[in-house]
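Inspection log for the structure reproduced underneath, given as structure tokens.
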Amino acid sequence: MGFLVKVSIPTIVVAEDDRAIGELVAHHLTREGYFVRLVADGRTALQAARASADLVLLDVGLPGLDGFEVARTLRRERRSLPIIMLTARTEEIDRIIGFELGADDYVCKPFSPRELVARVRAVVRRSCGALEPISPTLHLDRLVLYRETREVRVDGDVISLRPREYRLFAELAENAGIPLSREHLIERVWGADYPGEDRTVDVHIRRLRMRLEGDCKLGRLIETVRGFGYKLVKR
Ligand code: CA
């Protein structure tokens with residue numbers, strides 16, 4: 001516990017009602033190590049930004065409140081929150097309105113994900129200083145394992161795991177696709193001197209399956225290798 005350093009990971013609210021674009025942006029930002037909350041209308045964007053956000057990516061044409069309206073409200077409430085506007089409209093007037101409302105940057109559609117990520121990085125670096133993203137160790141669709149914070153997140157939400165469960169899952173995840181014996185897992189997770197039995201591993205695996213495959217509905221994640229041990233399904 002003494003070695004556990006709390007690292008904060010920038011949370012980015014992505015407000016985009018075009019599902020394909022939203023998911024594409026979320027995918028690229030998650031890969032960069034950011035936590036992403038994807039929302040599809042202005043009011044939800046406002047709520048998400050108020051709850052927790054280090055940066056907001058705001059589509060101009062949103063249902064409910066439009067992006068300009070959301071930006072104006074946020075600027076009033078949280079002066080220093082970075083905002084990047086996304087828009088299909090390229091007219092200079094929109095750009096000017098965006099900046100007058102206090103947008104930190106402006107990206108026109110269509111944009112390349114690489115360009116967008118670069119702009120996000122630049123704005124985060126400028127405004128948050130220390131809030132650099134950390135590299136997630138592993139992605140399995142909706143699940144991300146963060147080695148530095150010893151967290152497992154599904155859709156951005158932290159899954160509460162006991163320390164041994166986390167270590168067991170991390171060991172499997174870092175060797176995804178490779179069968180690991182119960183002896184190997186015990187040695188790595190409980191230590192070579194552990195006097196317990198192999199069944200201990202099974203009990204912990206069962207709980208991991210309940211949390212991840214059951215509660216989080218991640219599908220088949222951990223496979224039993226008969227007479228040997230377990231492996232994490234490679235995706
Ligand atoms: Ca839109």
Side-chain angles (χ1 to χ4, degrees), residues 8-128 131-133 136 139-144 153-158 216-218:
S8 47
I9 300 161
T11 299
I12 301 184
V13 171
V14 177
E16 169 61 79
D17 59 321
D18 183 319
R19 202 189 159 102
I21 296 178
E23 280 174 2
L24 182 73
V25 168
H27 170 77
H28 282 274
L29 291 174
T30 305
R31 268 183 41 176
E32 284 296 304
Y34 298 105
F35 289 153
V36 176
R37 297 222 94 98
L38 183 58
V39 299
D41 67 86
R43 274 176 219 290
T44 317
L46 210 47
Q47 282 165 10
R50 282 172 179 149
S52 101
D54 297 296
L55 183 142
V56 181
L57 270 177
L58 209 47
D59 180 32
V60 170
L62 283 175
L65 295 175
D66 73 17
F68 289 142
E69 209 54 54
V70 175
R72 192 177 295 129
T73 308
L74 284 176
R75 198 42 83 229
R76 245 190 341 253
E77 296 175 1
R78 287 184 61 182
R79 291 188 63 81
S80 61
L81 179 67
I83 298 171
I84 298 178
M85 305 293 288
L86 298 174
T87 187
R89 293 180 260 178
T90 53
E91 287 90 3
E92 191 68 15
I93 186 75
D94 275 0
R95 209 171 297 220
I96 291 165
I97 292 173
F99 280 123
E100 277 178 355
L101 289 175
D104 296 83
D105 205 348
Y106 211 94
V107 178
C108 292
K109 295 177 190 173
F111 51 82
S112 79
R114 270 182 64 180
E115 182 202 348
L116 183 71
V117 167
R119 303 275 198 104
V120 166
R121 273 188 176 285
V123 170
V124 168
R125 195 172 301 131
R126 251 196 337 257
S127 55
C128 307
L131 279 179
E132 282 290 294
H139 284 267
L140 289 162
D141 296 337
R142 297 155 50 211
L143 181 147
V144 188
R153 290 191 175 235
V154 174
D155 299 334
D157 295 325
V158 178
C216 301
K217 299 188 171 53
L218 286 176

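Counting convention: from 1, in listed order, for ligands and their atoms alike.
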**Q.** Asp18 vs Asp59, side chain to side chain contact (heavy atoms under 4.5 Å, CB included): CA-CA, chis, key distance, verdict
**A.** CA-CA 9 Å; Asp18 183 319; Asp59 180 32; over 6 Å; no
Using only atom types and a distance under 3.5 Å, with no angle test, would you say the side chain of [X] pairs donor to acceptor with the backbone of [Y]?
X      : Y      : answer
Asp54  : Thr11  : yes
Arg119 : Tyr106 : yes
Arg37  : Ala53  : no

Q: Could you name all protein N, O or S atoms found under 3.0 Å from the Ca ion (ligand 1)?
A: Asp17 OD1, Asp59 OD2, Gly61 O
Q: May I ask you to test the Leu116-His28 pair for a side-chain heavy-atom distance under 4.5 Å?
A: no
Q) Of Val123, Val124, Val117, which meets side chain to side chain contact (heavy atoms under 4.5 Å, CB included) against Val120? A)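 Checked Val123, Val124, Val117 against Val120; only one passes side chain to side chain contact (heavy atoms under 4.5 Å, CB included): Val124.
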